[in-house]
Every structure is written in structure tokens, then in C-alpha cells.
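What follows is a set of notes on a single structure, which appears directly below.
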Amino acid sequence: MTTSTSPGRNASVIDATAHTGTRRSAIVLMMFWQLTIDANDPARLARFWGQVLGYQPAPPESDTTWWAHYRGRLGGRDAFDDRIFDPDGRKPPLWFQEVPESKAGKNRLHLDLYPTARDDSLPYDRRVEIVDAKVAELVELGANVRRRERGDSYYFVVMHDPEGNEFCVS
């Protein structure tokens with residue numbers, strides 16, 4: 001059995017020829033993944049990021065194996081307090097994993113939020129206005145501004161979530 005991944009695709013093709021003996025067959029498997037973020041207070045970060053991303057604390061209804069897995073992990077509860085899910089089920093879930101240590105140093109991975117939808121047809125001043133409005137909302141939710149970066153054609157704000165994890169708004 002061999003496995004290959006096509007460039008730019010999020011699925012693996014498994015060649016099961018060796019197991020069938022006489023005919024070639026292929027199984028395409030979707031690569032499911034979640035983003036796991038270390039946290040001292042997972043419930044607090046899940047609430048913050050749920051509001052920021054429009055995610056919900058329960059997986060959406062679906063007939064896929066991964067959503068069935070999450071619904072099974074809920075047991076009798078209505079929702080998780082340490083996980084959030086895209087309500088449409090198309091984007092990866094986030095799990096805030098409790099750890100004893102505090103954040104140390106700069107993140108090697110961070111989220112970039114684009115309230116402008118990266119629409120370069122918007123005038124520069126309008127893009128700045130949209131970003132600043134989103135930044136104000138995020139500060140109200142518990143984030144803080146680290147710095148603002150402005151160039152001739154770009155503007156972004158580096159922020160920290162309630163536990164100090166970096167993210168950008170552009």
C-alpha cells in the first residue's frame with residue numbers, strides 16, 4: 001500500500017493494489033485537523049476566540065466521522081467549554097488545551113484576521129477604518145494592542161489575546 005498527496009490538495013490517495021491482488025482501487029481520505037492552543041484558562045480563551053471568529057462551542061450537525069467523534073465526546077453535555085467549531089463545519093475546530101505554564105516568548109504560529117476580506121479595491125483609508133473598528137471590538141472583548149504597522153499600501157495591528165498570544169488584524 002502506498003500513499004501520495006497531490007500538490008495543493010488536502011487529501012491523500014491510498015493505492016490498495018497490493019491488498020486486492022487483481023485490480024487497482026484507490027481510497028481518498030480527507031485530512032482532518034484542528035488547531036490546538038495551549039492555555040491557562042481554556043474556557044476564557046474559547047469564549048474570546050468564539051466571539052472573534054463567530055465559532056460555537058458545539059460541533060455542527062453532520063454525517064462525517066469527525067463531527068460524530070466530537071458529538072460523542074460531548075457525552076450528555078450541550079457544548080464544550082474548551083473547544084470551538086465553525087458553525088458551517090467547513091473550517092477547522094480550535095481546542096484550548098490546559099497547560100500549567102504561562103506563555104513564554106513569541107508565538108511561532110499566529111492567526112491573521114482580515115475584516116477587510118483582503119479587498120485591495122477598497123481605498124486605503126477605508127481599509128484602515130475597518131481594521132481600527134475591528135481592533136476596538138477586540139479590545140472590548142479582552143484583547144490588547146501591541147503595535148500598529150503602516151506602510152504605503154498596507155496597515156495591520158499586532159494584538160494579544162487575553163493570555164498574551166499574538167495575532168494580527170489587517
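- Among Q97, E163, E98, R83, the single residue meeting the side chain to side chain contact (heavy atoms under 4.5 Å, CB included) criterion with P42 is E98.
- Taking the side chain as every heavy atom from C-beta outward, Q34 and Y70 approach each other to under 4.5 Å.
- Under the 4.5 Å side-chain criterion, counting only non-hydrogen atoms from C-beta, S153 is not in contact with D120.
- Residues K103 and G164 share a closest heavy-atom pair of CE-O, 3.2 Å.
- Shown here for Y124 and R150, the closest heavy-atom pair between the two residues is OH-CG, 2.8 Å.
- Separating the CG atom in L109 from the CD atom in E166 is a distance of 10.5 Å, to the nearest 0.5 Å.
- With Y155 as reference, R148 is the one residue of E129, E149, R148 to meet the side-chain hydrogen bond (donor to acceptor under 3.5 Å, both in side chains) rule.
- Cluster membership for V145 and V169, using ILVMFWY side-chain heavy atoms within less than 4.5 angstrom, is shared.
- The hydrophobic cluster containing L141 also contains L45, counting ILVMFWY residues as joined when their side-chain heavy atoms lie under 4.5 angstrom apart, directly or transitively.
- I130 places a side-chain heavy atom less than 4.5 Å from the side chain of P115.
- The closest side-chain heavy-atom distance from V139 to M159 is below 4.5 Å.
- N40 contributes a side-chain N or O that, together with a main-chain N or O of E101, makes up a donor-acceptor pair within less than 3.5 Å.
- Separating the CZ atom in F96 from the CD1 atom in I84 is a distance of 4.5 Å, to the nearest 0.5 Å.
- Between F80 and F85, some side-chain heavy-atom pair lies under the 4.5 Å cut-off.
- Tracing side-chain contacts under 4.5 Å through hydrophobic residues (I, L, V, M, F, W, Y), one reaches V128 starting from V157; they form part of the same cluster.
- Remark: D78 CG is loosely packed, at most 12 non-hydrogen atoms of other residues, nucleotides or ligands lying under 6.0 Å away.
- The CZ atom of R47 sits 8.5 Å away from atom CD of Q51, with the distance rounded to the nearest 0.5 Å.
- Looking at L111 and W49, their side chains come closer than 4.5 Å, going by heavy atoms from C-beta outward.
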Worked check of side-chain contact (heavy atoms from CB on, under 4.5 Å) between I37 and D161: CA-CA 12 Å; I37 300 171; D161 74 10; 5.6 Å; no
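- Atom CG in D112 sits 7.5 Å away from atom CZ in R118 (nearest 0.5 Å).
- Hydrophobic clustering (ILVMFWY, side-chain heavy atoms < 4.5 Å, transitive): L94 and V99 are in distinct clusters.
- Closest heavy-atom contact between T116 and S170: OG1-O, 3.5 Å.
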Evaluate side-chain contact (heavy atoms from CB on, under 4.5 Å) for L53 paired with L113, printing each intermediate quantity in order. CA-CA 9 Å; L53 299 173; L113 307 177; 3.8 Å; yes
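- With 3.5 Å as the limit, one finds no donor-acceptor pair spanning the side chains of R127 and Y154.
- No donor-acceptor pair under 3.5 Å is formed between the side chain of R71 and the backbone N or O of A58.
- Between P59 and L74, the shortest heavy-atom distance links the atoms CD-CD1, 3.8 Å.
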Applying side-chain contact (heavy atoms from CB on, under 4.5 Å) to L138 and F167, what does each step give before you reach the verdict? CA-CA 11 Å; L138 297 169; F167 65 98; 3.7 Å; yes
